[in-house]
Amino acid sequence: MTKRWNILEADKNNVSLLQGELKINATLCRILVQRGIQNFGKAKDYFRPQLSHLHNPWKMKDMAKAVNRILQAFDRNEKILVFGDYDVDGTTSVASMYSFIKKLHNEVDFYIPHRYKEGYGVSKAGIDFAKEHNFSLIITLDCGIKSVDLISYANTLGIDFIVCDHHLPDEVVPDAVAILNPKQKDCDYPFKELCGCGVGFKLMCALCEQMGIPLENAFEYLDLVATAIAADIVPMNGENRVLAFYGLIKANENPNPGIKALATLGGAKQALHINDLVFMIAPRVNAAGRMDDASKAVRLFIAPTQEDALYYAEQLHSDNTDRKEADTDITAEALTLISENQLWVERRSTVVYQPHWHKGVVGIVASRLIEHHYKPTVVLTESGDYAAGSARSVPGFNLYEAIHACREHLLAYGGHFAAAGLTLEKHNIELFRAKFEEVVSATIKEEHLIPEIIINSEISFKEITTSFYNILRQMEPFGPENMTPVFIARSVVDTGFSKIVKENHLRLVVKQDRLTFTGIGFNMADKFDLVKDRQPFDVVFKIDENEWNGQKTLQLRIEDIRASET
């Protein structure tokens, strides 16, 4: 698949001023300036995050109301139910809040709605469970901001709600005792991009302050907060970066037993990085809700011993194995369906449906299909009497608006710019497919149909040294708004040792000005023809470290290759 190369600029004056202050490589300064770091003070905060940089939790609207209501529940010995979503953000939020309260108050339990029986967010079944078991206060985490009718229903039953959420509120918000959500229009909290677990963490910090107990009682859950930040793909800047930075330290030095158990089963040999939370920990936690019941993910994180944690981790590991098998099989089936229909191949959108596909993986499958057919994609399966599924977009295209424009054919839908869910009558699938294609074709720009690689800077091989790489590593944790830097080296040539390995990967040994580097390009065997005739080519890559027999060497993680312009 051809890709667009977008090489970012940086103000040369700002770069040289920063280099004068920091005395480090100009290429690194260029990347820092691109990220809004233009002086020594900002660089110090960026490279040396401090917990003291965290904002005062009392700046969040309704924080005092939330704290007072929880303390009232403690005083009156009320039963508190901690309620959260079934994904990583929801289950880590619930596990941390439940564990925190449990140390202060006996009458507490948790509730995770079943993905397929109850759906996303606050459920009537959850409220009825609370009534039946005499809970008078529900604290929601990572959900609740849109549950206006259900929270009104709870009020008629005498159940109070504290909502901790980070999703965008509608014009009308629920009639809860307190709503903690920095995205509320009239909330003065300085950082708007916390995840659900982050909002819960701020509530724990405020409770510590009000009760005069050490903040360490809240900091104990920073590894769970970091896992939620990594999995929920929130911006890795501001407060999130501080929380993730210290959460990773906690995950490596004194981890939650659940994180330790999942890392063990995932085969972690070295210190955990943010990528390990994204690709090793998060999928196993998410798999519980996708394939079965997510409450076991909470049980994993609240497990009292390592042995108990391993018991639940093995269940999640098994769910994840099932999930991988399902997603591989369904992706292969879907790709066959598309390839057999030339009209679909030529369209600007993809809509596929099979009644037997597993509902828990259709979102993942939509993302996989985009890797092959780069266009807005909807994957549907049977759900009771209806068809339901997930949609994923390509960067820059507003998927939610496109689905909203097809609402005449839908029973229900929801989501945001990049991802959405939808339900429709089965006999409307063909009508929806036609309408969705019509809307996408009319509104998508040509460039959105070509994958883009954002490149931070041109670099020469002589700049790639161990000290350069060490500073690069100090820019972690990486994530949105602070992505792993991507470089381009021009006019490199093959040394004659490049080859295809394991059928579809490309192992490069290339040189520029007598300096040689090894690189690996996964699933890039088709680029070998560009390399083998020893003509100069441009290579786009990330820099990482390879360890072999105790020896560490720098290598290139290849992203793309193109023949050099003569």
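Every value quoted in this text rests on a predicted model; they were computed, and no experiment measured them.
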Arg284 and Gly266 have their tightest heavy-atom pair at NH2-CA, 3.8 Å
Query raised in the report: Are the charged groups of Asp538 and Arg562 less than 4.0 angstrom apart, N to O?
Result: no
Item checked: Pi-cation contact, Tyr46 with Arg241 (under 6.0 Å, within 45°) -> yes
TODO: With the side chain counted from C-beta on, respond yes when Leu449 and Ile444 share a heavy-atom pair under 4.5 Å apart, and no when they do not.
DONE: yes
Note: Lys3 and Asp560 closest approach over all heavy atoms is CB-OD2, 3.8 Å
Margin query: With side-chain contact (heavy atoms from CB on, under 4.5 Å) as the criterion, how do Thr140 and Ile162 come out once you've worked through the C-alpha distance, each side chain's angles and the decisive distance to 0.1 Å?
Written below: CA-CA 6 Å; Thr140 73; Ile162 292 169; over 6 Å; no
### Task
Would you confirm whether the ring centroid of Phe397 sits within less than 6.0 angstrom of the ring centroid of His448?
no
(request) Kindly state whether the ring of Phe74 and the ring of His105 have centres lying under 6.0 angstrom apart. (result) yes
Donor-acceptor contact below 3.5 Å, side chain Gln50 vs main chain Arg48
yes
When every non-hydrogen atom of Met211 is compared with those of Leu104, the smallest separation belongs to SD-CD1, 4.0 Å
Next on the checklist: Assess the residue pair Phe461 and Phe517 against the criterion (ring pair (Phe, Tyr, Trp, His ring centres under 6.0 Å)); give the C-alpha distance rounded to whole Å, side-chain angles, the decisive distance to 0.1 Å, and a yes or no.
Outcome noted: CA-CA 8 Å; Phe461 279 5; Phe517 274 97; 5.1 Å; yes
- Salt-bridge test for Glu446 and Arg4: reply yes if a basic N is under 4.0 Å from a carboxylate O, no otherwise. no
Just checking, any donor-acceptor pair under 3.5 angstrom between side chains of Asp142 and His166? yes
*Measure the shortest side-chain to side-chain distance between Ile229 and Val225 over non-hydrogen atoms and say whether it is less than 4.5 angstrom.*
yes
Practice item. Output yes when Lys462 and Asp513 qualify as a salt bridge under the 4.0 Å nitrogen-oxygen rule, no when they do not. Key: no
side-chain contact (heavy atoms from CB on, under 4.5 Å) assessment of Phe301 paired with Val94: CA-CA 9 Å; Phe301 291 131; Val94 167; over 6 Å; no
Of all heavy-atom pairs linking Pro174 and Gly144, the shortest is CG-O, 3.2 Å
Tested for side-chain hydrogen bond (donor to acceptor under 3.5 Å, both in side chains) against Tyr189, the lone hit among Lys202, His55, Lys59 is Lys202
Run the salt-bridge test on Asp170 and Lys146 with the 4.0 Å N-O cut-off and return the result as yes or no.
yes
What about Phe110 and Tyr98, are their ring centers closer than 6.0 Å? yes
Check: Phe201 ring centre within less than 6.0 Å of Tyr221 ring centre: no
Notebook entry, point to check: Does any donor atom in the side chain of Gln270 or Glu547 lie under 3.5 Å from an acceptor atom in the other side chain?
Noted result: yes
